[in-house]
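Following: one structure in structure tokens, then a few remarks.
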Amino acid sequence: MFSNVRIGTTIYVLHKSEAKLEIGEVTYKTEPTPMYTNTYQSGIMQPQKMYVDLDVRINGENVKFQKLQADATIADSNGMVVSESRDAILNEVLAMQKCSQSIIDSVEHHTEIVSRCNALVQELNPDAKRDAERAKEIVDLRSEVGELKNMLTQLLSKKEKEK
């Protein structure tokens with residue numbers, strides 16, 4: 001828990017956008033403080049969430065992490081995942097890996113969906129259908145012209161060899 005962190009404690013910082021892990025050391029920690037003043041709900045005083053701020057030295061730079069929930073072992077902060085627990089960060093990395101793998105595994109399915117949606121758009125929009133037919137026609141014509149060029153080149157080279 002962040003409330004138990006002391007100066008010198010190892011902190012793990014995961015940059016999810018890059019899948020990059022940095023390890024730092026706590027250089028400063030505030031005492032747990034409530035986020036808000038007393039809160040009441042239905043006439044009953046609600047327990048307050050306690051927060052701490054940490055300064056962590058990572059690669060020679062001090063990085064501030066503010067308003068980390070004191071009773072948590074992992075938190076999202078400034079686009080990074082911060083934890084004092086190696087196991088919690090490992091679980092986060094494994095979750096990232098699983099998520100990315102499921103995206104990779106679904107590429108074929110989504111490619112098929114895009115293809116089907118293109119067909120539906122052409123079915124529902126005659127202009128889109130004409131545009132797609134023209135584009136296919138152009139591709140086919142380019143292919144035929146390329147084949148004719150190759151045939152002419154072969155024919156000319158054959159005539160040159162006969163001379």
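Because only heavy atoms are used, hydrogens play no part in the values below, and waters and symmetry mates are left out as well, while side chains stay in. Since this is a predicted model, take the numbers as computed values, not measurements. Here, residue 1 is the first one in the sequence, and each next residue gets the next number.
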Taking all atoms of both residues into account, what is the closest heavy-atom pair of Ser77 and Val82, and its distance? CB-CG2, 4.1 Å
Nearest non-hydrogen partners of His15 and Met80, listed with the distance: CE1-SD, 3.3 Å
Please report the C-alpha distance between Leu54 and Phe2 in whole Å, then the side-chain angles of each, then the deciding distance to 0.1 Å, and finally whether the side chain to side chain contact (heavy atoms under 4.5 Å, CB included) criterion is met. CA-CA 9 Å; Leu54 299 178; Phe2 290 116; 4.0 Å; yes
Answer yes or no: does atom CD of Glu108 have more than 12 heavy-atom neighbours from other residues, nucleotides or ligands under 6.0 Å? no
Kindly check if the number of other-residue, nucleotide or ligand heavy atoms within 6.0 Å of CD (Glu133) is above 12? yes
Does one hydrophobic cluster hold both Val52 and Val26, with members joined at side-chain heavy-atom distances below 4.5 Å? yes
Does one hydrophobic cluster hold both Val5 and Met1, with members joined at side-chain heavy-atom distances below 4.5 Å? no
Atom [atom1] of [X] and atom [atom2] of [Y]: how far apart are they, to the nearest 0.5 Å?
X	Y	atom1	atom2	result
Glu25	Ile7	CD	CD1	9.5 Å
Asn91	Ser85	CG	OG	8.0 Å
Lys29	Asp53	NZ	CG	11.0 Å
Met151	Glu144	CE	CD	11.0 Å
Ser3	Glu84	OG	CD	8.5 Å
Glu112	Ser106	CD	OG	13.5 Å

Check whether any side-chain heavy atom of [X] lies under 4.5 Å from a side-chain heavy atom of [Y], and answer yes or no.
X	Y	answer
Leu21	Val93	no
Ile138	Arg142	yes
Ile74	Glu92	yes
Gln122	Arg130	no
Glu147	Ser143	yes
Val56	Thr27	no

Between Asp105 and Gln101: side-chain donor-acceptor atoms closer than 3.5 Å: yes
Can a donor-acceptor pair be found, under 3.5 Å and without considering hydrogens, that links the side chain of [X] to the backbone of [Y]?
X	Y	value
Thr153	Lys149	yes
Thr9	Arg6	yes
Ser83	Thr73	yes
Ser115	Thr111	no

How would you list, by chain and number, every residue that makes a side-chain hydrogen bond (donor to acceptor under 3.5 Å, both in side chains) with Asn125, sequence neighbours excluded? none
Sequence neighbours left out, what passes side chain to side chain contact (heavy atoms under 4.5 Å, CB included) with Thr10? Give chain and number order. Tyr12, Ile23
What's the verdict on side chain to side chain contact (heavy atoms under 4.5 Å, CB included) for Val13 and Val81, showing C-alpha distance, side-chain angles and the deciding distance? CA-CA 6 Å; Val13 180; Val81 177; over 6 Å; no
Atom pairs and distances, donor-acceptor, side-chain atoms in residues 60-70, under 3.5 Å, two or more places apart:
from, atom 1, to, atom 2, distance (Å)
Lys64, NZ, Asp55, OD2, 3.3
Gln69, NE2, Asp71, OD1, 2.9

Decide, yes or no, whether a salt bridge links Lys158 with Glu160 under the criterion of side-chain N to carboxylate O below 4.0 Å. no
